There are 2 protein chains.
Amino acid sequence: MKQNNNTIVKKKKIPFETIKRLSLYLRTLKNQKQTGKENVLSSEITKYLNITPEQFRKDLSYFGSLGKKGVGYNINLLIGNLETILGIYEEPKIALVGVGKLGSALLGYPGFLNFNLKVYCAFDTDLGKIGKVWEGVKIEDISKIDTIIPEQNIKIAIITVPADFAQGIAEKLVNSGIKGILNFAPVNLNLPKDILVRNVDMASELMTLTYIVKKM
Amino acid sequence: MKQNNNTIVKKKKIPFETIKRLSLYLRTLKNQKQTGKENVLSSEITKYLNITPEQFRKDLSYFGSLGKKGVGYNINLLIGNLETILGIYEEPKIALVGVGKLGSALLGYPGFLNFNLKVYCAFDTDLGKIGKVWEGVKIEDISKIDTIIPEQNIKIAIITVPADFAQGIAEKLVNSGIKGILNFAPVNLNLPKDILVRNVDMASELMTLTYIVKKM
């Protein structure tokens, strides 16, 4: 699929997909560290990632030499380097809009902990939820998006509202200063070109999987 | 990212990504139908999908001519054709393993309805959940995977168990006849090459988005 222009980090020319792979390497290294290993070869890191060792070394080369071919990589050092590159200690503030079933699941999603990520505040329309604290996250009235987002200088938002509301919410978020959106609503958002949108499209993935398996 | 060999439908040589785009076209057409339109141009379908009209026409060309350049496409006819191609009336049986927060959210996920998809049965270890029916789906004891999956001839499974359990569950599913897995666990599954695995990696997407926005 064609990449949007805004999926490239222009200053350093690092592709979006490289950053995504770095996060996969980091997750893999943390799993491998748990087994007590100290060193790994690039092939051991990429083995189950569907990525070639060459791609791995190319991705790391954006940041200088972080290991030696043949000798491999010290797991702790590489974890530290990747964490620094990805900036996981900076704890970016993330807003979530739509505390329904999927939204609530994401409030306490353990997978985010790999990257030190956590939802900072959540918004909903349900009076029964507003004011409550779930998973350590306060749920605010959705009408407060345009005050809280700029006040707290929040730049990242997760959209988990029903499809029909997603475009309106996205526009409100962008007008309040949001620069990047992780969109779970099964709808295509129409936003200015400088806003980075990534869609997590669970239904299309399942549809595609189903189709391919039927043809196997 | 390198595509696995098993992401290609070998008989017809239709790429995985084409099938995924067809599902996005279908979703978009359904949204456009709601506005009362009867015909659309390819550019109107692809506008917010980050796909070129040329790619759209190429994707459709695998299945013969389904519209006319310049004149456009009849929305109802194209929806019907795409639904037939994708086989959405065949209601494939889908199992879900791990009825935690994310798993429960997927049991009743409205986005699946665009493709007539629904979870058929669910498995968990929690005695408080086993035997219950949530969102119309019966929750079974996880120890029954290897009887229920073959009995019901289920080929597709969704994994929403914690990362540490995902590999073991995946192996059990494959031994029971599962051919395609939608994996939400933030871990890389090591399975035979003929098993199709798609990862929905919410944490990596959020990590990447955060990184890019910081550099903007």
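So you know, we letter chains A, B, ... as the sequences are listed, proteins then strands, and number each from 1. In what follows, every heavy atom counts, from backbone to side chain, and hydrogens, waters and symmetry copies are set aside. Worth saying up front: this structure is predicted, and the values here are computed from it rather than measured.
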Quick check: do [X] and [Y] have side-chain heavy atoms less than 4.5 Å from each other?
X        : Y        : result
A/Pro186 : B/Phe112 : no
A/Leu24  : B/Asp201 : yes
B/Leu196 : A/Met216 : yes
A/Leu106 : B/Met202 : yes
A/Leu102 : B/Leu102 : yes
A/Arg27  : B/Asn188 : yes

Largest heavy-atom contact set with chain A, pairs under 4.5 Å, which of B/Ile181, B/Ile88, B/Asn116: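 Answer, by heavy-atom pair count under 4.5 Å with chain A: B/Ile181.
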Pick from B/Thr28, B/Val187, B/Asn31: which one has the most heavy-atom pairs with chain A under 4.5 Å?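 With the most close heavy-atom pairs to chain A, the winner is B/Val187.
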For the side chain of A/Lys214 and the backbone of B/Leu86, is there at least one donor-acceptor N/O pair under 3.5 Å apart?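 Yes, A/Lys214 side chain to B/Leu86 backbone: donor-acceptor pair under 3.5 Å.
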Give the minimum heavy-atom separation between [X] and [Y], together with the two atoms involved.
X        : Y        : value
B/Tyr48  : A/Leu189 : CB-O, 4.3 Å
A/Gly111 : B/Ala203 : O-CB, 3.3 Å
A/Val213 : B/Gly180 : CG2-CA, 3.7 Å

Rounded to the nearest 0.5 Å, what separation is found between the NZ atom of A/Lys93 and the OG1 atom of B/Thr210?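 It is 14.0 Å, given to the nearest 0.5 Å.
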Any chance you could measure A/Ile19, atom CD1, to B/Ser204, atom OG, to the nearest 0.5 Å?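 Between atom CD1 of A/Ile19 and atom OG of B/Ser204 there are 12.0 Å.
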What part of [X] gets within 4.5 angstrom of chain B, counting heavy atoms only: side chain, backbone, both, or neither?
X        : result
A/Ile156 : side chain
A/Tyr109 : side chain
A/Glu135 : side chain

Name of the residue among A/Arg198, A/Lys155, A/Lys179 meeting side chain to side chain contact (heavy atoms under 4.5 Å, CB included) with B/Leu209: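 Answer to the side chain to side chain contact (heavy atoms under 4.5 Å, CB included) test with B/Leu209 among A/Arg198, A/Lys155, A/Lys179: A/Arg198.
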Using non-hydrogen atoms only, which part of [X] is less than 4.5 Å away from chain A: side chain, backbone, both, or neither?
X        : value
B/Asn114 : side chain
B/Ile94  : side chain
B/Ile158 : side chain
B/Leu206 : both

Counting heavy-atom pairs under 4.5 Å to chain B, which of A/Gln34, A/Met207, A/Lys101 comes out on top?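 The option with the most such pairs is A/Met207.
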More than 12 non-hydrogen atoms from neighbouring residues, nucleotides or ligands closer than 6.0 Å to [atom1] on [X], yes or no?
X        : atom1 : value
B/Lys37  : NZ    : yes
A/Lys30  : NZ    : yes
B/Lys172 : NZ    : yes
A/Lys118 : NZ    : yes

